[in-house]
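In this text, all values refer to a predicted model and were calculated from it rather than measured experimentally. In what follows, every chain begins at residue 1, and chains take the letters A, B, ... in the order their sequences are listed.
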Amino acid sequence: MISFFDVTKRFPGGQVALDRVSFEIGAGEFVFLTGPSGAGKTTLLSLILRQDLPTHGRILVNGRNVVSLPRTKIPFLRRSIGVVFQDFRLIPRKTVFENVTYLPRILGLGSEKQRTLGYETLRRVGLAHKANAFPLELSGGEQQRVAIARALVNDPAILVADEPTGNLDEDLSDEIFELFREIHLRGTTVIVATHDRDRIRRAGQRVLVLHGGRLVRDGDAPVENSELEPVLSRGENGG
Amino acid sequence: MISFFDVTKRFPGGQVALDRVSFEIGAGEFVFLTGPSGAGKTTLLSLILRQDLPTHGRILVNGRNVVSLPRTKIPFLRRSIGVVFQDFRLIPRKTVFENVTYLPRILGLGSEKQRTLGYETLRRVGLAHKANAFPLELSGGEQQRVAIARALVNDPAILVADEPTGNLDEDLSDEIFELFREIHLRGTTVIVATHDRDRIRRAGQRVLVLHGGRLVRDGDAPVENSELEPVLSRGENGG
Amino acid sequence: MTLGKALYYFAREALLNLFRSWKTSLLAVTTIAVSLFIGGFFLMLAANASRLIEDWKSEAMVVVYFAPTTDLNEVDAARSLAGSPAWVEGVDEVTAPQARERFRASFPSVATLVEGWEEEPLPASLEVSFDPLLVEDHAFEAWLGELEELPEVELVDDDRDWVDQLELALQLVLGLGLALGAVLLGAAILTIASVIRLTAILYQDEIDVMRLVGATEFYLRGPFYVEGLWQGLLGGLVALGALFGGFVAVQPMAEGSLLLGTMGTTFLAWPQQVLLVGVGAVAGLLGAIFSLRREAI
Amino acid sequence: MTLGKALYYFAREALLNLFRSWKTSLLAVTTIAVSLFIGGFFLMLAANASRLIEDWKSEAMVVVYFAPTTDLNEVDAARSLAGSPAWVEGVDEVTAPQARERFRASFPSVATLVEGWEEEPLPASLEVSFDPLLVEDHAFEAWLGELEELPEVELVDDDRDWVDQLELALQLVLGLGLALGAVLLGAAILTIASVIRLTAILYQDEIDVMRLVGATEFYLRGPFYVEGLWQGLLGGLVALGALFGGFVAVQPMAEGSLLLGTMGTTFLAWPQQVLLVGVGAVAGLLGAIFSLRREAI
Ligand SMILES: Nc1ncnc2c1ncn2[C@@H]1O[C@H](COP(=O)(O)OP(=O)(O)OP(=O)(O)O)[C@@H](O)[C@H]1O
Ligand SMILES: Nc1ncnc2c1ncn2[C@@H]1O[C@H](COP(=O)(O)OP(=O)(O)OP(=O)(O)O)[C@@H](O)[C@H]1O
Ligand SMILES: [Mg+2]
Ligand SMILES: [Mg+2]
């Protein structure tokens, strides 16, 4: 479903955010992505979305080479991917409901169906009562849940979530991950970037560990604390 | 140092974010503030900063009644408070260094001293090498640490941090909380809003628990999981 | 989505955005209105000025002076020849005494010149008014020649120098007006584009997000284009309203004043009013298109 | 911080912001430049037009006609009286034959009028040119009266109707120019304020953050005010440059054209150039002040 071949991303300033990263994620897999602050997680996810181009290497998503994808095809790639951005990226001039149903709306869904779909999804993240609020009238955790609802609404083939529970307490996080598991069981490929080591350990799923832009671990055995710690120490993250 | 007397905050839409909240925090205390998403934590902190006015009630900070504080005095209140905002609030047109040293600069500190102070503080959060980057060129965790550095730079009398480690891994979070403890030991009053129950439990400090805008617990004994759970359940948070 | 549904969606989104960010909308509308107000002001001025010059032009005449002592009863040939071409609008006769009186009135300082003569000192004449627009140069010259060759005609005085001068002045005024209009229109479009461009920067994040969740350029841009169109339309209507208000307010003052009295007597014609609002709409749309070029976001 | 240090800080911050958000700066500067270009254009037009009218006014004359057959050698009294007042610039003599020749040249159609006389048909005269600015109405009237009462003088023809007409025309043109200038300046300031207001909305988050970390209004606003000032200054300079460029480019064409030839011959004077740039700077500053009113943020 998603393959990286020797992908390097160097920013104009010279910062190397990804350094010869290669991996493959099959259809229907559930993968955690972790690594210390500044390791390159968000950068990696942005390349999947064709938000940015790699400096070097090949990226295949859903069989399509996203590097050589013509501009006009990009929206269709993105429509097949539900994304929870680390900084939410809600549209401030649109209500919660309009934010969540943006994609169904421009896909031409009937307004009755939009309604059902939007409220159903908001209910799943516990925010149906905030449907008519604007993002700036929400708490941090509420904004994050709107972002999650927007990613789930279209039943995407791939779900990409960047630190989706950073502003949520344990119980809510559990529920959100339960949602991710549900959608995964229905066949969606899920990639979640997170700092939450306990959860990674408990889940026992496949984990990709980045460090200073390099992929230092790719395994699906439960990760030991001792195993994670050395690579998670700060201060030498490739600056 | 900080006292709330019967404080209520109702937003124009009718949403009651704080409901008759009263508590007192002495000088030099270290207090956790917790509660589920949408409980009113950020709203409470914003009232301390005089970012907003309560609908009802009295708030004293550092002996001054912030509700009746004249406009021209507000900046001086704020200068005595270091704040880490939940959404960071960095200035995008300024570099990391300029963001961190903004207050010292407008206070007229010499450029040599600004330099020492700025770099020293950035070093403490592990970001000295990013001093000349702009916020949008930083990862989520890096932005959060810049926000923390800005709050610490001026050695404030009060430190207010809203979910300061939501984008950081455990090791970094530990180091940040170590910083908070240090500054607390030097006499600063510290209030940290967080969802991190483990940390609250381990720290064994005083905890204020909000739920649906009401202060449902104010104690400094180690909090049991069972004690937190009922109030942290989602779905009835006063919408 | 069908095109109809898409257009409906654009219009609705644009209207919502217009209201939700009414502050920026107000700024954009104001800017467009100000630009168009100036443009409309000049349009009105130019229209009135050219009307004035047309008036003057229509007073151009050919004067046929008869030999002294010619009797007006003996000049039928000249009269019919003078009245024959299509461009002639009227033929007035001026008798010798009338000519003398006119001279006295026009040149009081040398009035003595026409006094004390036995016969009338000035000849009788025919004043032929004509429509300069219908005149063909060649036929006109020929006609003048024929008139001049009649035995009773002494001199044919042709006002066309005067007409040519007016023609030139009119062309210059129109040219100047056109140049000015172009400068102002350019300025207006630039300003509108600036404002919409700023608005676009303001909503860049919003556009980025839409793009990131899979909106095609068509759905992304549509509402912004229509928003520009609404703003331009509104700006045009406001400008027209202000112009009309100003016109009505100034009208009483204009009656007392020479220049305003001749210049500011008619409001913009219907097509010009439509033009003004249309230019606003197009400018708003162009500004939106200009400001949303792909590389600009 | 001392005031000097604060001002230095403002200037530096403003300059940094100007460069870091060069796109919005460019827009603001463009808008100001366009507004001032239009303003300057009219200033230039008005200056040239009023100079032209001054030229015409300076050609106003008083003509003293002598009785027929008066010999110019016998009119010393009239000559010295005519030349005595301070406002008189020159006294020219026109002999009777000269007068006849002029009449023939000016009115060819009635040239027969001045032919076939035994004596000269037209009287000799003195043409007194004067500076209308130095004239005091009262003394002027008295002087005309004295001239008229001299026995050898038949008529004094006073061009002051003409001068008054010109005066009125000048005042109307100046008034119209002023009104236009005011409208345009208002439009320019409104536009500039719009743009800076939009910029302020754009940077509202930034300003909010500064306020939240404890910046006083002084330190918060200073850099924005100076940014507006820089932008206005730059806009003024660009407008001046464009105006001069346009002037130089049009100059060769102007020489061939009647209207442009008389209207577009001098560029703005030094003080006007300074005024233009100054208005830009002040407009930028005012715009920033206007757009940063407390309740506006
Ligand atoms: N636009 C940019 N220009 C320059 N450097 C950048 C840019 N974006 C990111 N970086 C740098 O690239 C590195 C990787 O960033 P990235 O956002 O991928 O980290 P991350 O793993 O998501 O970290 P976090 O957990 O803190 O979100 C960081 O050092 C960051 O400073
Ligand atoms: N400007 C506003 N207008 C209306 N309602 C608001 C506004 N700001 C916050 N609220 C509401 O007030 C309640 C409390 O919000 P607050 O941000 O204080 O929660 P919080 O405890 O910080 O939550 P989180 O942990 O998710 O950040 C929420 O239900 C929120 O939707
Ligand atoms: Mg990240
Ligand atoms: Mg909060």
Side-chain angles (χ1 to χ4, degrees), chain A residues 11-13 15 17 34-43 85-88 123 125-134 136-145 162-163 165-173 175 193-198 225 228-230 232-239, chain B residues 11-13 15 17 34-43 85-88 123 125-130 132-134 136-145 162-163 165-173 175 193-198 225 228-239:
Chain A
F11 282 107
Q15 170 79 35
T34 191
S37 174
K41 301 181 293 298
T42 302
T43 306
F85 294 97
Q86 193 171 9
D87 49 359
F88 317 154
R123 206 166 295 122
V125 299
L127 278 181
H129 62 292
K130 291 284 186 188
N132 293 316
F134 288 93
L136 291 178
E137 299 168 359
L138 297 183
S139 80
E142 288 165 349
Q143 287 181 34
Q144 192 155 39
R145 284 181 280 158
D162 197 354
E163 202 73 56
T165 57
N167 286 277
L168 303 178
D169 57 83
E170 259 172 60
D171 296 329
L172 258 176
S173 300
E175 291 186 40
T194 183
H195 290 294
D196 192 340
R197 285 185 220 166
D198 278 344
N225 215 5
L228 268 170
E229 251 157 39
L232 287 172
S233 77
R234 144 187 86 81
E236 16 154 353
N237 40 5
Chain B
F11 282 106
Q15 169 79 35
T34 191
S37 174
K41 302 180 293 299
T42 302
T43 305
F85 295 97
Q86 192 172 8
D87 50 358
F88 316 154
R123 205 166 295 122
V125 297
L127 278 182
H129 61 291
K130 291 283 185 186
N132 293 317
F134 288 92
L136 290 179
E137 299 168 358
L138 297 183
S139 81
E142 287 165 349
Q143 288 180 35
Q144 191 156 40
R145 285 181 280 159
D162 196 354
E163 202 72 55
T165 55
N167 286 277
L168 303 177
D169 58 83
E170 259 171 61
D171 295 329
L172 256 175
S173 298
E175 291 185 40
T194 181
H195 289 293
D196 193 341
R197 285 185 218 164
D198 276 345
N225 215 3
L228 268 170
E229 252 157 36
V231 300
L232 288 173
S233 77
R234 143 188 87 83
E236 18 156 350
N237 41 7

A/H195 (side chain) donor-acceptor with B/N167 (main chain) under 3.5 angstrom | yes

Side chain to side chain, A/Q15 and B/K130, heavy atoms closer than 4.5 Å = yes

For A/D169 and B/R197, which heavy atoms make the closest approach, and how far apart are they?
-> OD1-NH2, 3.7 Å

Measure the spacing between CG of A/D196 and CG of B/D196 and express it to the nearest 0.5 Å.
-> 9.0 Å

Looking at B/A128, B/S139, B/G13, which has the largest count of heavy-atom pairs under 4.5 Å with chain A?
-> B/S139

Taking atom CD of B/Q144 and atom OG of A/S37, what is their separation to the nearest 0.5 Å?
-> 8.5 Å

